[in-house]
Amino acid sequence: MSPSPLTLSSRDRKRFAGIEETLIEWYNMNRRKFSWRKKIRDPYEVLVCEVMGQQTQASRIEEFLPRFLHQFPTIESLAAAKQSDVIRAWQGLGYNRRALNLQRAAIALSNKPFPKTEADLLKLPGIGDYTARAILIFAYNKPVATVDVNIERVLSRLFRIMPDSQTMLPKHEILALGEAILPRKRSRLWHEALMDFGATICKKRAPKCGECPLYAKCKSGPVLIDQPATLKNLKVIKERQYFGQPKRIWRGRILKLISMNHGLTEASVLRHLKHSKGDADFKQFVQEVLRALITDGFCIRKSDRKYYLA
DNA sequence: TTCCAGCGTG
DNA sequence: CACGCCGGAA
C-alpha cells in the first residue's frame, strides 16, 4: 500500500527546507519526555506502546506500559498468558478489544523473528495502516511515512490553507505529502517531532499559532490564529444514551464487575449495578450487553449460569 | 459535559 | 463509507 509518489511543487519544497530545520530544533527543546522514548527500542515494546496509543492520549500510556511490560515482558509471555489476566491488565485503558487483539498478535508472532515489513505487520489483528508503519518507524527508524491525527493536522495546515481548525486534507494527500517531505535518515525523530508538535502547539482546538515557530511558513496560520476556540455551525453528534449513560460505559462497568469477581450470575450483575429493581427494560439491556461481551470474546457463561472472563 | 483518537465490521 | 468501541482529562 505505498502511496502514489508525489512531487512537491518547487514552492512547497522551498518552504519545507526551512520547516524541517525549525521543527527539529523545536523538538529538541520542547519534546515530550516519555519513558518509552529510549535509544534502543525493543520491537515488542514498540508494538505494545503503539497499540496502547491507538485512540488514547500518549500521557495515559505512561501509567500502563511499564506495568504491562513488567507483567508480560516478552511476546512469548503475552502469548502464553491467560486472556483474563490480559484483560485485567488493560482495565482502565479503554477499547478493551485492543487487549484481545494484542494477545492474538503475540500468539501469531511467538517464537518467530519480529516482522520488518508493513505487509507482515498488517496481517496482525488490531494493526492497521497507521500502526504498521508506526512500528517500522519507531522500532527500526525505517524511512516510511505514517499519518495519525496529529500529523494530519500539522501537514494539512502547514502546506494548504485550511478554512477552519476542523478541516483537513484528504488522507491520501497527506500520506503522499508525508512521504515527499520525510527526512529519510531520521524517520523516527521526524515523526516524533510532528506528533509532539501537533499535540502541544498545532492542537486541534485553539492551536497556539501565537507561539508557533512555524507561523511565518504556515499556510493556515493567518486563518487559524484568531479563530475562537469553539466553532459554531458545527453540529455536535450526541452519543446515544442508555439508561442515563452511553452503552460503552455500561459495557465497561459490567466487564469490570466480571473481572473482579470469580463467577457472577446475571442477577448479581444487576444487583451490583444498583439500578432500580424490576426494571424489565434495563434487565433486557444488561442481557444484551452480556451477550455482546460473550460474542466479542471477553466473557463466557459456564454451565453454572455464571459469567466469567473468557 | 465535551474532548480526544485507529481499527474492524457491515 | 459509516458506525461502534473505552475512559480519563479538560
Side-chain angles (χ1 to χ4, degrees), chain A residues 1 32 46-65 67 86-105 118 121-138 145-154 156 165-166 168 170-172 174-175 178 191 194-196 198-208 228-232 234-242 244-259 285 288-299:
Chain A
M1 334 303 141
R32 296 178 291 178
V46 173
L47 165 68
V48 176
C49 187
E50 283 308 316
V51 170
M52 285 186 171
Q54 293 167 0
Q55 295 294 108
T56 306
Q57 269 127 302
S59 55
R60 299 196 44 218
I61 302 174
E62 201 73 83
E63 180 189 346
F64 285 84
L65 185 64
R67 213 169 47 224
V86 181
I87 295 291
R88 271 187 274 264
W90 205 266
Q91 281 288 348
L93 200 44
Y95 293 99
N96 302 303
R97 228 187 291 271
R98 293 182 296 170
L100 301 190
N101 283 333
L102 182 58
Q103 190 185 28
R104 289 179 195 133
E118 184 182 355
L121 286 164
L122 283 173
K123 290 175 192 157
L124 300 171
I127 306 297
D129 290 339
Y130 163 75
T131 307
R133 288 157 171 265
I135 290 170
L136 294 175
I137 292 161
F138 296 125
T146 197
V147 175
D148 72 343
V149 287
N150 283 316
I151 296 177
E152 179 181 26
R153 260 197 326 275
V154 173
S156 295
S165 63
Q166 323 292 308
M168 297 298 131
K171 227 13 189 279
H172 67 273
I174 304 178
L175 190 55
H191 281 90
L194 283 176
M195 288 178 188
D196 281 14
T200 58
I201 301 287
C202 199
K203 304 205 295 181
K204 173 162 185 160
R205 200 158 289 257
K208 300 182 173 174
T230 46
L231 251 29
K232 27 169 72 172
L234 283 168
K235 57 174 124 187
V236 235
I237 316 107
K238 245 197 123 185
E239 197 173 15
R240 194 169 159 201
Q241 303 287 305
Y242 298 81
Q245 307 239 54
K247 193 196 286 186
R248 62 188 171 86
I249 299 298
W250 291 114
R251 272 180 63 113
R253 288 179 64 183
I254 292 170
L255 185 63
K256 186 163 188 179
L257 278 177
I258 294 171
S259 75
F285 171 73
E288 282 169 19
V289 170
L290 285 167
R291 260 201 303 278
L293 287 173
I294 290 173
T295 303
D296 293 342
F298 294 110
C299 302

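Quick note on labels: first sequence line is chain A, next is B, and so on, each numbered from 1.
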Short side-chain N/O contact from N96(A) to OP1 or OP2 of dC5(C), under 4.0 Å
no
Between P on dC4(B) and CG on D148(A), what's the gap in Å once rounded to a whole number?
14 Å
P gap between dC6(C) and dG10(B), integer Å
15 Å
Can you measure E152(A) atom CD to dG6(B) atom P for me and round it to whole angstrom units?
9 Å
Between dC6(C), dA5(B), dC7(B), spot the one nearest the side chain of R251(A), thanks.
dC6(C)
What is the distance, to the nearest angstrom, from the CG atom on D129(A) to the P atom on dG8(B)?
9 Å
Check every strand shown and say whether P246(A) touches a base, only sugar-phosphate, or nothing at a heavy-atom separation below 4.0 Å.
nothing
In whole Å, I'd like the distance from the CE atom of M52(A) to the P atom of dG6(B).
16 Å
Measuring only the P atom in each nucleotide, how far is dC7(B) from dG8(C)? A whole number of Å is fine.
22 Å
Residues in ring-ring contact (aromatic ring centres under 6.0 Å, His included) contact with Y130(A), at least two apart in sequence or another chain:
none
Whole angstrom value for the distance that separates P of dA5(B) from CG of D196(A)
13 Å
If you check the N101(A) side chain, which of dG8(B), dA5(B), dG6(B) turns out closest?
dG8(B)
Given the options V147(A), L175(A), I127(A), L121(A), R133(A) meets side chain to side chain contact (heavy atoms under 4.5 Å, CB included) only with L175(A)
Rounded to the nearest 0.5 Å, how far does CZ of R97(A) lie from CG of D296(A)?
4.5 Å
Without decimals, in angstroms, what is the distance between R32(A) CZ and dC4(B) P?
14 Å
Please determine which of R60(A), Q54(A), M52(A) meets the side chain to side chain contact (heavy atoms under 4.5 Å, CB included) test together with T56(A).
R60(A)
Please write out the pairs of protein N or O atoms and N or O atoms of nucleotides 8-10 of chain C separated by less than 3.5 Å, giving the distance to one decimal.
none

Contacts of K203(A) meeting salt bridge (charged side-chain N to carboxylate O under 4.0 Å, His left out) (sequence neighbours excluded), chain-then-number -> none
Check whether any side-chain N or O of T200(A) sits under 3.5 Å from a backbone N or O of D196(A) as a donor-acceptor pair, and report yes or no.
yes
With sequence neighbours excluded, residues passing salt bridge (charged side-chain N to carboxylate O under 4.0 Å, His left out) with R88(A):
D85(A)
Give the rounded distance in Å between these two atoms: CZ of R98(A) and C1' of dC6(C).
8 Å
Verify whether one side chain among R98(A) and N101(A) offers a donor that lies under 3.5 Å from an acceptor in the other.
no
Go through the structure and list residues passing salt bridge (charged side-chain N to carboxylate O under 4.0 Å, His left out) with E63(A), not counting sequence neighbours.
none
Pairs under 3.5 Å (N/O, protein and nucleotides 1-4 of chain C):
none

For the side chain of V149(A), counting heavy atoms from C-beta on, which of dT2(B), dA5(B), dC3(B) is nearest?
dA5(B)
Does A132(A) or K204(A) map to a spot on DNA chain B nearer the 5' end, using the closest nucleotide for each?
K204(A)
In whole Å, what is the span from the CD atom of Q54(A) to the P atom of dG6(B)?
8 Å
Identify, between K238(A) and Y130(A), the residue whose nearest nucleotide on DNA chain B lies closer to the 5' end.
K238(A)
Please work out whether the ring planes of F285(A) and Y242(A) are parallel, tilted or perpendicular, with thresholds of 30° and 60°.
parallel
Within the 4.0 Å heavy-atom criterion, would you say F64(A) contacts the bases, only the backbone, or no part of the nucleic acid?
nothing
